[in-house]
Amino acid sequence: MALRNMVQALNWALRQEMARDERVVVFGEDVARQGGVFRVTEGLLEQFGSKRVFDTPVSEAGIIGISTGLALAGMRPVCEIQFSGFMFNAFHQLGLMAARYRSRSRGLYSVPMVVRAPWGGGVRALELHNESEEAVYAQMPGVKVVIPSRPRRARALLVASIRDPDPVVFLEPKRVYRSLREEVPDEEEVFPIGKAEIVRSGRNLTLITYGAFLQECLQAAELAERDFGVTIEVIDLLTIVPMDTRTIVESVKKTGRCVIVHEAPRSCGIAAEIIARINEQCLLYLHAPIARVTGYDIPYPFFAREHAYLPTIPRILDAIRRTLEF
Amino acid sequence: MALRNMVQALNWALRQEMARDERVVVFGEDVARQGGVFRVTEGLLEQFGSKRVFDTPVSEAGIIGISTGLALAGMRPVCEIQFSGFMFNAFHQLGLMAARYRSRSRGLYSVPMVVRAPWGGGVRALELHNESEEAVYAQMPGVKVVIPSRPRRARALLVASIRDPDPVVFLEPKRVYRSLREEVPDEEEVFPIGKAEIVRSGRNLTLITYGAFLQECLQAAELAERDFGVTIEVIDLLTIVPMDTRTIVESVKKTGRCVIVHEAPRSCGIAAEIIARINEQCLLYLHAPIARVTGYDIPYPFFAREHAYLPTIPRILDAIRRTLEF
Amino acid sequence: MPRQPLVQFQVDYLQILDENGRVDAALEPSLPQATLLQIHRCMTLARLLDRRMHILQQQGRMGTFPSCYGQEAAGLGCVLALRPDDWLVPAYRETSALFYRGLPMKNVLLFWMGLEEGNYWSPQLRVLSIPILIGSQTLHAVGIALACQIRGSDEVTMVFFGDGATSEGDFHEACNLAGVYQAPVVFVCINNQYAISVPRCLQSHSETLAQKAIAYGFPGIVVDGNDVLACYVAAQEAVQRARRGQGPTLIECLTYRLGPHTTADDPRRYRSEQERLQWEAKDPLKRWRIYLEQRGLWSESQQLELERELLAEIDAAVRQAEYDLAHADPLEMFDFVYAELPPDLAAQRREAAEHVAQTDTVSASARR
Amino acid sequence: MPRQPLVQFQVDYLQILDENGRVDAALEPSLPQATLLQIHRCMTLARLLDRRMHILQQQGRMGTFPSCYGQEAAGLGCVLALRPDDWLVPAYRETSALFYRGLPMKNVLLFWMGLEEGNYWSPQLRVLSIPILIGSQTLHAVGIALACQIRGSDEVTMVFFGDGATSEGDFHEACNLAGVYQAPVVFVCINNQYAISVPRCLQSHSETLAQKAIAYGFPGIVVDGNDVLACYVAAQEAVQRARRGQGPTLIECLTYRLGPHTTADDPRRYRSEQERLQWEAKDPLKRWRIYLEQRGLWSESQQLELERELLAEIDAAVRQAEYDLAHADPLEMFDFVYAELPPDLAAQRREAAEHVAQTDTVSASARR
Ligand SMILES: Cc1ncc(C[n+]2csc(CCOP(=O)(O)OP(=O)(O)O)c2C)c(N)n1
Ligand SMILES: Cc1ncc(C[n+]2csc(CCOP(=O)(O)OP(=O)(O)O)c2C)c(N)n1
Ligand SMILES: [Mg+2]
Ligand SMILES: [Mg+2]
């Protein structure tokens with residue numbers, strides 16, 4: 001075991017998978033010589049050479065498009081979009097083309113590719129470098145979406161994504177890239193796509209999140225337990241699409257109360273979908289409305305105002321309190 | 001008053017607005033000489049000339065992008081995307097650029113444009129000609145989304161959209177383009193963006209929809225009233241973003257039961273958002289889980305299978321029955 | 001230092017078999033007789049099938065579909081230059097080329113009858129699914145070409161697209177990436193003069209579409225797209241260049257869609273009958289038949305025999321396709337979304353199953 | 001008919017003031033003395049501000065920002081050719097050009113301090129907001145140019161973008177549409193040799209970026225981008241062409257980013273010090289100063305005086321910007337999303353207001 005931050009953990013996953021399977025190729029803007037603007041792909045060029053690790057022009061639709069072609073022809077592309085907001089430039093290639101080759105060809109063709117992208121806000125970055133567009137993928141059937149929150153799972157889920165037979169969008173919460181370290185085993189580790197994880201168990205309220213806000217949620221849970229004399233179950237979704245409804249529903253059946261936290265705009269976000277599923281599968285277990293602590297339905301503000309946009313521990317605590325007191 | 005189908009009603013709105021305001025220009029693929037593949041823009045070239053009505057190359061990002069520029073410089077562009085699925089090619093221009101000029105420039109610039117697009121399925125069209133991508137726009141703050149269901153409102157809402165100071169995505173349910181006629185007054189008529197309409201009032205269940213499925217919902221409501229001895233309130237959303245939550249919540253407070261119908265994939269769709277809002281604002285009024293009758297979380301199938309994908313009157317009836325019997 | 005010329009470029013035009021069937025002997029490629037006849041067969045089949053599909057469509061037995069009438073030569077001529085293990089990425093009008101490549105007619109029928117099964121054929125054909133999103137396939141072709149390049153194999157990828165497609169960002173990004181990586185890909189633009197109603201001159205202000213290659217640093221050439229031989233020779237050159245590791249080529253095939261864009265289209269709204277007649281005189285099939293006859297390879301009676309045979313094949317294929325259509329299970333739409341059906345989607349499948357079964361009875365109730 | 005040349009093209013190179021400050025008298029434009037001095041002022045201010053911002057960034061008083069060090073001439077030279085009522089669509093490194101145009105320094109500071117207020121200036125400047133999405137602004141420029149064309153006014157639109165931007169689909173669609181409509185727009189590519197770490201040769205396989213214009217049927221030209229005079233003359237020609245209704249032009253300005261891409265970047269990872277030194281020798285400011293001195297317009301003491309003055313202006317602007325930053329109301333982020341705040345969004349604003357107010361106390365509780 002070694003202590004690794006998320007950047008190192010992801011780099012480790014890429015190294016191991018590239019060594020294990022020579023069909024894996026890595027490319028994107030500034031990923032080769034530069035090693036990625038966040039250094040996730042650092043050293044890969046040196047280790048695997050320029051045939052398997054290469055830079056691209058500034059061309060997001062191109063990156064997703066050639067990635068699709070590489071996958072169609074039997075490779076295992078792992079491409080990078082420099083910031084996930086720039087996925088918008090390639091939504092047609094991803095959502096209409098890559099996501100549907102399997103169904104449009106009735107299984108003759110498939111697109112086993114991974115699209116990695118630094119995702120989310122909170123790092124004082126420029127406009128359009130802070131997007132949380134994950135809910136949009138839910139309306140692009142055929143893709144899977146994974147968002148790790150901590151280094152160990154990040155590594156194990158990236159491995160699973162690379163081995164997955166379908167296109168996976170792998171969103172990396174850049175705010176935790178280097179902010180925490182975990183034991184990440186050197187040996188191979190895979191965590192299944194489609195499984196949420198109960199990272200803290202409790203009886204009085206289910207707190208659901210994913211990505212960077214897991215940290216705030218864990219802290220809020222601790223504070224709430226102490227201040228309100230309850231226990232809180234924290235679920236880390238990890239896979240956003242397809243969602244692990246069962247883990248959610250079982251927890252809510254037990255706790256009867258639920259708060260959901262994400263950075264993305266509220267309307268039609270992931271929290272809305274979770275609420276809808278709880279409504280469908282265990283409405284009568286609810287003691288209180290489910291609360292959403294999310295980004296607002298406004299463009300992510302330039303960074304001087306981002307602290308007012310993003311969920312905070314006080315906002316989460318407040319939602320927990322209201323839900324408990326309801 | 002004249003009986004008009006939706007194509008005629010929209011054409012009428014365009015003619016009147018172009019005559020009224022010379023800043024209005026109309027363009028898109030095949031909109032000028034051809035008059036649009038569905039003939040919505042028929043005759044405009046002849047009436048207003050090639051400076052104000054023009055064809056474009058096959059270039060969706062280009063269409064939305066120049067439309068943005070035209071609006072920035074004080075024009076009132078009404079562009080057409082030939083089928084709404086091709087909006088994916090321009091999501092970056094719409095969601096990241098057009099939608100945000102007002103906020104990124106703190107009101108110095110604004111983008112008063114309308115993007116029209118035939119939308120939805122059910123007409124035995126090719127792959128990618130049947131998309132219902134409306135929920136995606138909810139994650140692009142700064143745009144408004146309007147989806148009319150019948151000719152009269154279609155006309156009045158298109159007028160409102162053209163006069164709106166912000167970008168409006170105007171989605172036209174192609175399945176009802178020519179399938180029904182209504183009295184549409186010759187004189188100017190405007191219907192406000194942001195208002196839902198109760199098209200049938202009732203006490204036992206709220207049936208919410210928009211677009212082409214209003215017809216099926218009205219029929220299902222009638223059948224349900226007769227078969228189950230209840231009355232059903234049918235709400236036509238008309239504006240999807242920003243949503244008229246108040247009308248929904250008031251209705252559900254009264255009926256205590258709700259079924260939502262749309263063609264789009266289920267997860268993170270408009271129905272999910274409606275459920276979330278009801279959960280937040282009137283959970284305790286609910287007598288039963290809210291039911292979703294929607295497209296499935298799969299790519300819209302090639303047309304031989306579309307009948308099994310789309311909501312049907314039996315599916316709606318079934319959801320109504322289960323919700324009533326819960 | 002004054003203003004100086006920095007770079008210069010030229011784009012050529014190639015025609016070998018002219019509109020009257022006269023061949024330029026100096027440029028004439030030597031193709032085996034069997035190939036010459038196979039070309040004729042594929043072009044004739046494409047034309048006959050086009051007519052039949054038009055009827056099927058009018059009878060409501062098929063969806064709207066794009067006619068390939070008048071364009072039978074271009075794609076086929078280019079595809080002649082490929083090896084069987086090369087990749088072919090079609091647009092939606094290269095029926096004759098697909099037949100040459102071995103695609104069963106039933107696939108074409110099923111595709112336009114609205115079944116994904118139309119895109120299911122032998123992987124050995126190395127033909128990618130028919131794309132609907134204009135221009136999108138050019139990027140997939142570059143990706144496939146890169147896969148071959150990375151693996152060190154010498155397969156070439158050929159991709160087709162229309163004049164309209166050249167306006168899309170995807171086309172640009174594909175060409176640019178192909179240039180940068182010197183990918184073994186051949187871009188073939190089937191310039192049929194229209195994108196639905198929009199004429200070529202409104203698609204781009206450039207004198208030719210071939211010159212767009214200059215923007216990416218690789219060669220472009222214009223060929224008579226109704227001349228199988230010119231298409232073949234230009235493609236052969238491009239394929240060899242790609243195979244030798246010398247990068248991509250853009251071939252612009254000048255042709256004309258003699259029919260409507262699709263069965264839903266009325267071309268009289270946007271073009272003159274006179275224009276159409278001018279192009280009809282350049283019909284690729286007529287020209288090819290003269291060429292064969294001049295070489296003593298073809299006769300009127302052979303033609304009649306061939307048409308009889310092909311019509312019978314078409315009848316059989318339509319029967320098979322309609323049988324498949326009638327027996328298609330709607331619920332299979334869930335089965336090819338992911339390699340494995342996720343649990344929640346399985347639940348949606350069960351939900352759909354209830355309604356597919358119920359439909360009859362309940363819709364009967366709806367009709368009461 | 002044999003293979004024939006069909007079309008031919010040429011792209012020129014233009015330099016007037018060379019690296020050593022020698023001017024080509026035959027090509028030298030005649031600019032008023034005041035303009036020559038104003039150019040010097042704007043370039044010097046851009047360079048000094050760049051340095052100051054670097055310090056502010058390291059002190060945590062500003063976000064990461066893109067340096068314009070070494071590129072002060074290109075944009076400014078081109079903008080000289082515009083009338084005040086022409087439109088300017090910048091990328092994010094044309095600071096000197098924006099100053100020439102009259103943009104207050106405070107705006108530049110606020111923008112990189114993370115406030116939308118940085119993009120709020122007088123509408124009379126006719127300068128569009130600074131774009132972050134690479135290449136996207138080229139389309140907005142074409143739209144603005146079309147608006148002028150439709151209204152029958154003779155304003156021209158000039159748009160800036162980098163070498164990297166030419167790879168984006170948006171750039172392609174913008175050029176293509178501009179060509180088709182013969183829009184009065186001038187495309188100016190600031191080719192600073194890198195897109196972050198990716199060198200020009202990996203951005204496109206074309207010999208020049210200017211030749212991309214050929215793909216759209218309008219002229220392209222390469223100029224020495226560190227030579228204000230060459231940029232001005234090429235832009236002047238292009239602007240006149242556009243104003244006369246003769247359509248767009250693509251100008252490629254060859255320059256070099258002497259600093260890092262942004263303050264977060266370390267250029268040593270991807271380029272040699274030697275390369276940088278070669279380009280440092282071509283510094284546009286050094287060259288301009290020699291030119292002014294040779295014309296008897298500038299002296300060492302004037303330079304010292306100017307720098308003192310500009311540094312004082314910078315100090316004042318930083319103070320103003322930091323004052324504005326300190327007084328910015330976070331909740332205003334709701335107020336410019338739509339012209340009118342929709343009811344549900346107003347509710348979200350109220351929700352946010354509670355938390356912005358509460359933050360202190362509750363976060364204190366979180367710290368307990
Ligand atoms: C991205 C996209 N935009 C628009 C369309 C609608 N559309 C279908 S065919 C067509 C014209 C394409 O013209 P061209 O590329 O010349 O091909 P052709 O039909 O002439 O063979 C258009 C605009 C589409 N299918 N995809
Ligand atoms: C659409 C998009 N893709 C990627 C980025 C990330 N990015 C920021 S600057 C840059 C390089 C741009 O290079 P160039 O156009 O040459 O401009 P320069 O920075 O050299 O002035 C990239 C890739 C972005 N901002 N937008
Ligand atoms: Mg065409
Ligand atoms: Mg650059």
With side chains defined as the heavy atoms from C-beta onward, is the minimum distance between [X] and [Y] less than 4.5 Å?
X: D:R151; Y: B:M75; result: yes
X: D:F336; Y: B:R104; result: no
X: D:L146; Y: B:V25; result: no
X: B:L108; Y: D:P123; result: yes
X: D:N176; Y: B:S59; result: no
X: B:L96; Y: D:S136; result: no
X: B:Y101; Y: D:L128; result: yes

If we define contacts as heavy-atom pairs under 4.5 Å, which of [options] has the most with chain D?
options: B:T68, B:N89, B:I64, B:V143; value: B:V143
options: B:Q93, B:K144, B:R100; value: B:Q93
options: B:E22, B:H92, B:E60; value: B:H92

Working to the nearest 0.5 Å, report the span between [atom1] of [X] and [atom2] of [Y].
X: B:S105; Y: D:E116; atom1: OG; atom2: CD; value: 9.5 Å
X: D:D344; Y: B:E273; atom1: CG; atom2: CD; value: 8.5 Å
X: B:L70; Y: D:H140; atom1: CG; atom2: NE2; value: 11.0 Å

If we define contacts as heavy-atom pairs under 4.5 Å, which of D:A339, D:P342, D:A141, D:A174 has the most with chain B?
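Highest number of heavy-atom pairs under 4.5 Å: D:A339.
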What residue in D:T138, D:D170, D:I130 has the most heavy-atom pairs under 4.5 Å with chain B?
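Among D:T138, D:D170, D:I130, the one with the most close pairs to chain B is D:D170.
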Which portion of [X] sits near chain B, non-hydrogen atoms under 4.5 angstrom:
X: D:Q137; result: neither
X: D:W87; result: side chain
X: D:V337; result: both

Got a sec, which residues hit side chain to side chain contact (heavy atoms under 4.5 Å, CB included) with D:A213, two or more places apart in sequence or on another chain?
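Only D:F218, D:L250 meet the side chain to side chain contact (heavy atoms under 4.5 Å, CB included) criterion with D:A213.
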Pairing residues for B:Q281 by the side chain to side chain contact (heavy atoms under 4.5 Å, CB included) criterion, not counting sequence neighbours
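Partners of B:Q281 under the side chain to side chain contact (heavy atoms under 4.5 Å, CB included) test: B:T245, B:V249.
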Under a 3.5 Å distance rule, please check whether B:Y109 uses its side chain to pair with a backbone N or O of D:S129 as donor and acceptor.
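Absent.
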Which of residues 76-83 of chain B have a heavy atom under 4.5 Å from any heavy atom of chain D?
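So no residue qualifies.
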Counterpart residues, side chain to side chain donor-acceptor pair (under 3.5 Å), relative to B:Q16 (two or more places apart):
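Per chain and number, B:Q16 pairs via side chain to side chain donor-acceptor pair (under 3.5 Å) with B:R155.
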State, to 0.1 Å, how close B:P57 and D:L177 come at their nearest heavy-atom pair, and which atoms those are.
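Shortest heavy-atom contact: CD-CD2, 3.4 Å.
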Under a 4.0 Å threshold between the charged nitrogen and the carboxylate oxygen, would D:E117 count as salt-bridged to B:R106?
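Yes, B:R106 and D:E117 are salt-bridged.
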Tell me whether the rings of D:Y181 and B:F54 are parallel (<30°), tilted (30 to 60°) or perpendicular (>60°).
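Because their plane-to-plane angle is over 60°, the rings of D:Y181 and B:F54 count as perpendicular.
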